[in-house]
Amino acid sequence: MLLEHELAWVDEKIYWEIYENSLKYPNEFWMRHMQDISWKKSPEIAFDERSGRWLPGGISNVCYNCIDRHAEKTPDKPAIVWYGDMPGERREISFAELQRMVVRISSVLRARGVKKGDVVGLYMPMIPEAIAAMQACARMGALHLVVFAGFSAEALAYRLSVSQAKVILTVSAANRGGKRIKVLDNVEAAVVNMERPPEIINVDTLGNVELDDRIAWLSESDNLFVLYTSGSSGKPKGIIHSALPYILYVATTFKVIFDIKPNDVYFCTSDVGWITGHSYIAYAPLFFGLTTVIFSGSPTYPEADRYWDIIEREHVSIFYSAPTAIRSLQMFNRKFVERHDLSSLRILGSVGEPINRSAWQWYFDVIGGGRCPIMDTWWQTETGGIVLAPLRTLKQKPGVAGKPFFGISPKISDNGELTITSKWAGLCRAVVYECGVAGNTTEFCENIFRKNYFKDGAFLTGDGATQDANGDIKISGRLDDVINISGHRLGTAEFECAINKIDEVKESAVVAVPHDIKGQTAFAYVVSKTELLTPEAKADIAKKIVAATRCCIGAIAKPDFIAFVPDLPKTRSGKIVRHILRAIANGESYENKDVASVVNSRVLPDLQAAVHNSLHCPDMCKLK
Ligand code: PRX
């Protein structure tokens, strides 16, 4: 029988056979893959269908699997190759060296009183130390809480305090796109007003510490991390992932979908601040002892060939990136690609948002040279790992994420939402809203998760999808009030919270509109307290809006359009009618829409006019 990870280039028939079996006999399927984990105590079964438990009785450690076992066998093999802001800036960290870095950080954490189950904040650029710090937490059974270093001090403070982080690991500064970013300053600004501020640990200046290389052997019920993501509410939520079931799912999806071989060089352009940077940078490639390339610069600085240059220098064979990056690089002259030899590439990946046909074709033809299948991987922070991916064939369907991974049973509900009816090991365990991780029992957070995410036993993804006769699934985008800006998930309510804090603003509503590079961007409707505003006053408020979103969320959250309107369309009960706002912002006429529920329909012509005159805010909020 074919092993699933040898499924390269198989036809659909074999795929469906193995797939059906994985649903019928999930335990058998996962028993085979759980052997990839080095166990302290092996579980007797992989999945107990009656209790829904994964890996019951198993004892192991994620860091041991990602680092120690390779440091023993292949100590000199590069684990991480890092590229900095300038092309010549390169560091190579072997597995043995990475192990030393990890032990040093975990020793410092222990010395500062961090224990198993504690939350450790992490606010760092994309450097090897960030991965070492995550692995250090995994080693001692503490939960890391990574906050993307592009988030503001305020956003960082919220996440740290809700999770009751005990310490925060950071560095002094970072260079990106030729600019120096004072990372530590942001951390200091974040903790200054916190009631119980976490202790700041600067990884640049760890000093001498007595090394303590103990490993915390974890059971199936222990957790690995908490990571915040956006939903429909004004506040982001913390998603908690297990340690052992999570690593089983992440490792297996990585192995099968990217068809990995021991000598592969893998380059993923995500940041550790997102789930992709967790599952498929900090964990899966190291788990298999592969060499991982990471990059902390900007893809267009000093020139628009940084990715292609790195692929050539390192002989990268698997390249995993995002549609927004591909679209932005597609705009540059082809000479940036053509001056590099990309023949080492074997497999390409895409994640974060639907990939449009033109970007797909360019990726396939120009980057992959027509040789490399594109793994359009659909998944979410909550799902832990990849849930949908196409087969590795050169006859792929552009823009179609494709088939469910083994053990995943997708079902499109009557309202077009993608739901998942089977159980899989990567699914998050619990969700934290405004309550602490440490202060609340896991049970409490687990219940909240079940209440918010399931209907009739099916997991709700919040994404719209269609399925064709071959069973291939195409994702259309979010159905809820979440905007996907350059693959970053942000709640419209988070924008509104920031905007409504401005003195001159009475209320606001933010909707998504398409954007050529970012995929989507934020369009803000703003009702000011003063009715008649001069163009200068509007430009002034617009500047404050950009500053407020930057301050509350981060620079990635800037609305690109602002329309000043006299009022927002509302229902009798005062609820904003968002679908009308969305339609008008997208250039449609309200006249073709169902406006029966809008009690103040006289504002509709004004809205349409305001959208025509909306302020476009590239940087300085100049008039369009
Ligand atoms: O809307 C889907 C979109 O990104 C959302 C999940 O965002 P996040 O939790 O930040 O995780 C992103 C990285 C896994 C999904 O609900 N999305 C992600 N991948 C795809 C996608 N939409 C279409 N095609 C994809 N391949």
Side-chain angles (χ1 to χ4, degrees), residues 146-148 150-151 225-232 236-241 246 249-250 253-254 257 268-284 320-327 348-357 359-360 363 374-390 396-405 408 410 416-420 426-428 431 453 459-467 472-492 494 512 514 518-520 556-557:
V146 184
V147 179
F148 173 55
F151 277 126
F225 65 85
V226 48
L227 178 64
Y228 279 74
T229 190
S230 295
S232 308
K237 51 194 169 182
I239 306 294
I240 301 175
H241 276 284
Y246 164 85
Y249 189 74
V250 166
T253 47
F254 184 68
I257 292 166
C268 171
T269 63
S270 179
D271 186 283
V272 283
W274 312 111
I275 189 70
T276 308
H278 282 58
S279 303
Y280 299 110
I281 296 182
Y283 291 112
Y320 193 20
S321 193
T324 186
I326 294 158
R327 282 193 298 265
L348 301 174
S350 170
V351 61
E353 52 175 313
I355 181 163
N356 50 302
R357 184 175 274 273
W360 192 96
Y363 199 25
I374 298 177
M375 295 292 113
D376 177 0
T377 61
W378 178 93
W379 56 296
Q380 308 179 299
T381 305
E382 291 86 341
T383 69
I386 299 168
V387 163
L388 306 176
Q396 294 182 318
K397 299 175 193 167
V400 177
K403 307 239 183 305
F405 190 71
I408 298 280
E417 181 173 3
L418 173 66
T419 72
I420 302 167
L427 181 64
C428 66
V431 176
Y453 276 92
F459 171 75
L460 306 172
T461 68
D463 272 25
T466 50
Q467 192 164 23
D472 286 321
I473 295 172
K474 186 173 167 63
I475 302 288
S476 54
R478 301 290 304 190
L479 296 173
D480 55 7
D481 293 319
V482 166
I483 310 187
N484 192 329
I485 301 180
S486 301
H488 304 149
R489 203 169 132 178
L490 296 162
T492 55
E494 285 170 62
K518 302 180 195 176
Q520 286 189 325
I556 48 168

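Atoms within each ligand, like the ligands themselves, are counted from 1 in listed order. Residue numbers start at 1 and run along the sequence shown.
Ligand 1 has an N or O atom lying under 3.5 Å from an N or O atom of Asp376, backbone or side chain. Residue-to-ligand polar distances keep Thr276 apart from ligand 1: every N/O pair is separated by 3.5 Å or more. Not one N or O of Ser350 is nearer than 3.5 Å to an N or O of ligand 1, by distance alone.
Checked against the 6.0 Å centroid criterion, the rings of Phe254 and Trp379 do not qualify as a close aromatic pair. Ring to ring, Tyr246 and Phe225 are close: their centroids are under 6.0 angstrom apart.
Of the protein's non-hydrogen atoms, the one nearest atom 23 (C) of ligand 1 is Pro354 N, 3.1 Å. What sits closest to atom 8 (P) of ligand 1 on the protein, heavy atoms only, is Thr381 OG1, 3.5 Å. The protein atom (non-hydrogen) at minimum distance from atom 15 (C) of ligand 1 is Asp463 OD2, 3.4 Å.
Considering all non-hydrogen atoms of both residues, Ile386 and Thr253 come closest at O-CG2, 3.5 Å. Shown here for Gly384 and Ser279, the closest heavy-atom pair between the two residues is O-OG, 2.7 Å.
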Task: Evaluation steps, side chain to side chain contact (heavy atoms under 4.5 Å, CB included), between Ile408 and Tyr249 - done: CA-CA 11 Å; Ile408 298 280; Tyr249 189 74; 3.5 Å; yes
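Of all the listed residues (Trp274, Trp379, Trp378), Trp378 holds the heavy atom that lies closest to atom 21 (C) of ligand 1. When Glu382, Lys474, Glu353 are checked for heavy-atom proximity to atom 22 (N) of ligand 1, Glu353 turns out nearest.
Within the 4.0 Å heavy-atom cutoff, Gly477 does not count among the residues contacting ligand 1. Under the 4.0 angstrom criterion for non-hydrogen atoms, Gly352 is in contact with ligand 1.
Contacts between Thr377 and ligand 1 below 4.0 angstrom, taking non-hydrogen atoms only, involve the backbone exclusively. Contacts of Ala401 with ligand 1, taken as heavy-atom pairs under 4.0 Å, are absent altogether. Contacts with ligand 1 closer than 4.0 Å are made by heavy atoms of both the backbone and the side chain of Gln380. Within the 4.0 Å heavy-atom criterion, the part of Ile275 lying near ligand 1 is the side chain and not the backbone. Under 4.0 Å from ligand 1, the heavy atoms of Ile475 that appear belong solely to its side chain.
Within ligand 1, counting atoms from 1 as listed, the ones closer than 4.0 Å to a heavy atom of Arg489 are 6 (C), 7 (O), 8 (P), 9 (O), 10 (O). Taking a cut-off of under 4.0 Å to the non-hydrogen atoms of Asn484, the atoms of ligand 1 that pass are 3 (C), 4 (O). The Val351 neighbourhood of ligand 1 comprises atoms 13 (C), 14 (C), with distances under 4.0 Å to a heavy atom of that residue.
Remark: the Thr461 side chain and the Gln380 side chain contain no N/O donor-acceptor pair separated by less than 3.5 Å. Under 3.5 Å, the side chains of Trp378 and Asp463 contain a donor-acceptor pair of N or O atoms. Remark: the Thr377 side chain and the Tyr320 side chain contain an N/O donor-acceptor pair separated by less than 3.5 Å.
Arg489 has a carboxylate O that lies under 4.0 Å from a charged side-chain N of Glu382, or vice versa, which qualifies the two as a salt bridge.
With Asn484 contributing its side chain and Gly352 its backbone, the two residues share a donor-acceptor pair below 3.5 Å.
The aromatic rings of Phe459 and Tyr453 lie parallel to each other, their planes meeting at an angle below 30°, with 60° marking the opposite boundary.
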